[in-house]
Amino acid sequence: MGSGVAQALAQAGKRVFLLDLSESVLDKALLEIKQNLRFQRMFTKKDDATTAKDPLSLISTTTDYRVLNEVDFVIENVTESWETKRQVFVELEANCPTRTIFSSNTSAIPITRLASVTKRPSQVIGTHFMNPVALKPVVEVIRGFHTSPETVQATLDLLASMGKEGVLVNDSPGFVSNRVLMLTVNEAIFVLQDQVAIAEDIDRIFRLCFGHKMGPLETADLIGLDTILSSLEVLYESFNDPKFKPSPLLRKLVAAGLLGRKSGRGFYSYGDGDRAS
């Protein structure tokens with residue numbers, strides 16, 4: 001997701017610093033962005049003026065938080081773990097100027113909780129991008145308890161400059177999209193676990209009967225089964241409601257390292273980026 005957001009920003013002509021834990025991870029991200037740009041050019045008119053001429057030239061990679069000492073806007077995209085996100089926001093607070101807005105591309109963790117570890121809670125907001133970022137025109141924008149109108153407007157303006165519409169919602173674990181989606185995905189996994197239907201038929205019903213572009217199990221593979229599990233655990237902990245309790249099959253697949261597209265196998269097997277059941 002982080003590389004997708006960086007790509008979308010660069011395509012909109014924004015200067016981007018892509019920060020991660022290691023150079024190898026960053027090299028992989030740049031390669032992914034390069035491949036995505038090449039693929040997009042195959043379907044984009046040559047005279048399209050909405051995209052920067054050379055997006056890759058606008059992206060710099062780093063493992064050092066100190067390069068963020070002049071940035072105006074940060075979009076955090078780390079794993080769906082409270083402790084990991086908390087540490088990132090502490091580093092951001094220590095290295096970014098006071099004007100900088102902090103946004104989180106979290107799937108379920110409340111924005112107000114993230115804002116509590118900073119000295120600028122009015123400048124903390126959620127920007128829940130959908131995957132794949134380049135192809136999704138809408139971003140769920142989450143207003144925390146202290147988020148100011150100015151922060152909301154600056155965020156909506158940034159998204160508009162990227163050609164994306166921000167839909168503003170109030171802070172709650174899972175917000176709108178994942179509070180509903182994670183229930184659907186989890187129940188689809190229970191249906192598979194109970195042998196009511198095979199994965200292909202579960203997804204086929206959602207695509208053909210409801211007009212969804214992807215079924216819930218295909219969607220889970222795209223998002224990452226580890227992220228699905230983490231999101232459900234956050235929702236279960238936050239609401240103390242058994243309806244969010246992750247299915248045993250989901251836990252089993254994650255423990256086995258079958259995480260979906262990124263590992264090559266989840267509910268489906270993947271080769272060369274293509275789905276194969």
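The side-chain tip of R207 does not point at the ring of F210 from less than 6.0 angstrom away and within 45° of straight on.
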Side chain to side chain contact (heavy atoms under 4.5 Å, CB included) evaluation trace for Y268 with E200: CA-CA 9 Å; Y268 300 93; E200 290 87 345; 3.8 Å; yes
Please lay out, stage by stage, how R15 and E70 fare under the test salt bridge (charged side-chain N to carboxylate O under 4.0 Å, His left out). CA-CA 12 Å; R15 188 82 173 88; E70 294 184 2; over 6 Å; no
Kindly indicate, with the supporting measurements, whether the criterion side chain to side chain contact (heavy atoms under 4.5 Å, CB included) is fulfilled by F145 and D171. CA-CA 7 Å; F145 185 86; D171 195 19; 6.0 Å; no
In sequence, state the C-alpha distance, the side-chain angles, and the governing distance for K85 and V88, and then conclude on side chain to side chain contact (heavy atoms under 4.5 Å, CB included). CA-CA 5 Å; K85 288 185 184 292; V88 167; 5.5 Å; no
Give the intermediate values and the outcome of side chain to side chain contact (heavy atoms under 4.5 Å, CB included) for residues I205 and I202. CA-CA 5 Å; I205 287 171; I202 293 170; over 6 Å; no
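Under the side chain to side chain contact (heavy atoms under 4.5 Å, CB included) test applied with V167, the options V138, L159, I142 reduce to a single match, V138. Residue T61 is tested with L26, V67, D27 for a side chain to side chain contact (heavy atoms under 4.5 Å, CB included); the sole match is L26.
Between E91 and Q87, the side chains place no donor N or O within less than 3.5 Å of an acceptor N or O (distance only, hydrogens not considered). Counting only N and O atoms by type, the side chains of R66 and N95 include no donor and acceptor under 3.5 Å apart. S104 and E76 share a donor-acceptor pair across their side chains, judged by distance under 3.5 Å alone. S230 and T227 form no side-chain donor-acceptor contact under 3.5 Å, judged by distance and modelled atom types alone. Side-chain N/O atoms of T127 and S103 include a donor and acceptor closer than 3.5 Å. Side chains of S22 and S24: a donor on one and an acceptor on the other come within 3.5 Å.
Atom CG of L168 sits about 10.0 Å away from atom CD of Q153, to the nearest 0.5 Å. L217 contributes atom CG, which lies 12.0 Å from atom CZ of R204 (distance to the nearest 0.5 angstrom). Between the NZ atom of K213 and the OG1 atom of T219 there is a distance of 12.0 Å, given to the nearest 0.5 Å. Expressed to the nearest 0.5 Å, how far OG1 of T84 lies from CG of L21 amounts to 9.0 Å. For the atom pair CG of N36 and NZ of K34, the computed distance is 12.5 Å after rounding to the nearest 0.5 Å. Annotation: the span from T63 atom OG1 to D20 atom CG amounts to 9.0 Å, rounded to 0.5 Å.
In plain terms, the two heavy atoms of R120 and P97 that are nearest each other are NH1-O, 2.6 Å. Nearest heavy-atom pair across A108 and S231 is CB-O, 4.1 Å. Closest of all the heavy-atom pairs between I228 and L250 is CG2-CD2, 3.9 Å. In terms of heavy atoms, I33 sits closest to A6 at CD1-CB, 4.4 Å. Nearest heavy-atom pair, F244 versus F239, reported as atom, atom and distance to 0.1 Å: CE1-CD1, 3.7 Å. I101 and A154 get closest at one heavy-atom pair: CD1-CB, 3.6 Å.
No side-chain donor-acceptor contact under 3.5 Å links K262 to the backbone of G224. A donor-acceptor pair under 3.5 Å links the side-chain atoms of N105 to the main chain of F129, judged by distance alone. Without hydrogens or angle criteria, D194 side chain to V196 main chain gives no donor-acceptor distance under 3.5 Å. No donor-acceptor distance shorter than 3.5 angstrom exists from the side chain of Q123 to the backbone of T147, with no hydrogens or angles considered. Using modelled atom types, one side-chain atom of D221 and one backbone atom of F267 make a donor-acceptor pair closer than 3.5 Å. Of the possible donor and acceptor atoms, none in the side chain of S172 sits under 3.5 Å from a partner among the backbone N and O of F175. Panel note: side chain T79, backbone S81; no donor-acceptor pair is recorded below 3.5 Å. A donor-acceptor distance shorter than 3.5 angstrom exists from the side chain of T155 to the backbone of T151, with no hydrogens or angles considered.
At a threshold of 4.5 Å between non-hydrogen side-chain atoms, the residues V141 and V169 do not count as touching. By the 4.5 Å heavy-atom criterion applied to side chains, K136 and N131 are not counted as neighbours. Side-chain contact between L9 and M162 is present, with heavy atoms from C-beta onward closer than 4.5 Å. Residues L229 and L225 form no side-chain contact, since every pair of their non-hydrogen atoms from C-beta on lies 4.5 Å or further apart. Taking 4.5 Å as the limit, every side-chain heavy atom of L18 sits out of range of all side-chain heavy atoms of T62. A heavy-atom distance below 4.5 Å is found between the side chains of V124 and I111. In this structure the side chain of V133 reaches within 4.5 angstrom of the side chain of K164, judged on heavy atoms. In this structure the side chain of C96 reaches within 4.5 angstrom of the side chain of F102, judged on heavy atoms.
Residue Y65 places its OH atom among more than 12 non-hydrogen atoms of other residues, nucleotides or ligands, all under 6.0 Å distant. In this structure, L208 places its CG atom where more than 12 heavy-atom neighbours from other residues, nucleotides or ligands lie under 6.0 Å away. The environment of CG in N240 is sparse: at most 12 heavy-atom neighbours from other residues, nucleotides or ligands sit within 6.0 Å. With a 6.0 Å radius and a threshold of 12 heavy atoms from other residues, nucleotides or ligands, E237 has its CD atom at or below the threshold.
The hydrophobic cluster containing L158 does not contain L92, counting ILVMFWY residues as joined when their side-chain heavy atoms lie under 4.5 angstrom apart, directly or transitively. Transitive grouping of hydrophobic side chains (ILVMFWY, heavy atoms separated by less than 4.5 Å) brings L232 and L253 into a common cluster. Note on L222 and M1: separate hydrophobic clusters, where clusters join Ile, Leu, Val, Met, Phe, Trp and Tyr whose side-chain heavy atoms are under 4.5 Å apart, directly or indirectly. Follow the hydrophobic side-chain contacts under 4.5 Å out from L58 and you never reach V16; the two are in separate clusters. Hydrophobic clustering, with ILVMFWY side chains joined whenever heavy atoms are under 4.5 angstrom apart, keeps I75 apart from I109.
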Please tabulate, for the side chains in residues 177-193, all donor-acceptor contacts under 3.5 angstrom to protein atoms that are two or more places apart in sequence or on a different chain.
from, atom 1, to, atom 2, distance (Å)
S177, OG, H128, ND1, 3.1
S177, OG, E140, OE1, 2.6
N178, ND2, S107, O, 2.9
T184, OG1, V180, O, 3.2
N186, OD1, S247, N, 3.0
N186, ND2, K245, O, 2.9
Q193, OE1, L249, N, 2.9

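Contacts of Q195 classified as side-chain hydrogen bond (donor to acceptor under 3.5 Å, both in side chains), with partners at least two apart in sequence or in another chain: none.
Taking a cutoff of 4.0 Å between a charged side-chain nitrogen and a carboxylate oxygen, R251 and E233 qualify as a salt bridge.
Using a 30° and 60° split on the angle between ring planes, H212 and F206 fall in the tilted class, from 30° to 60°.
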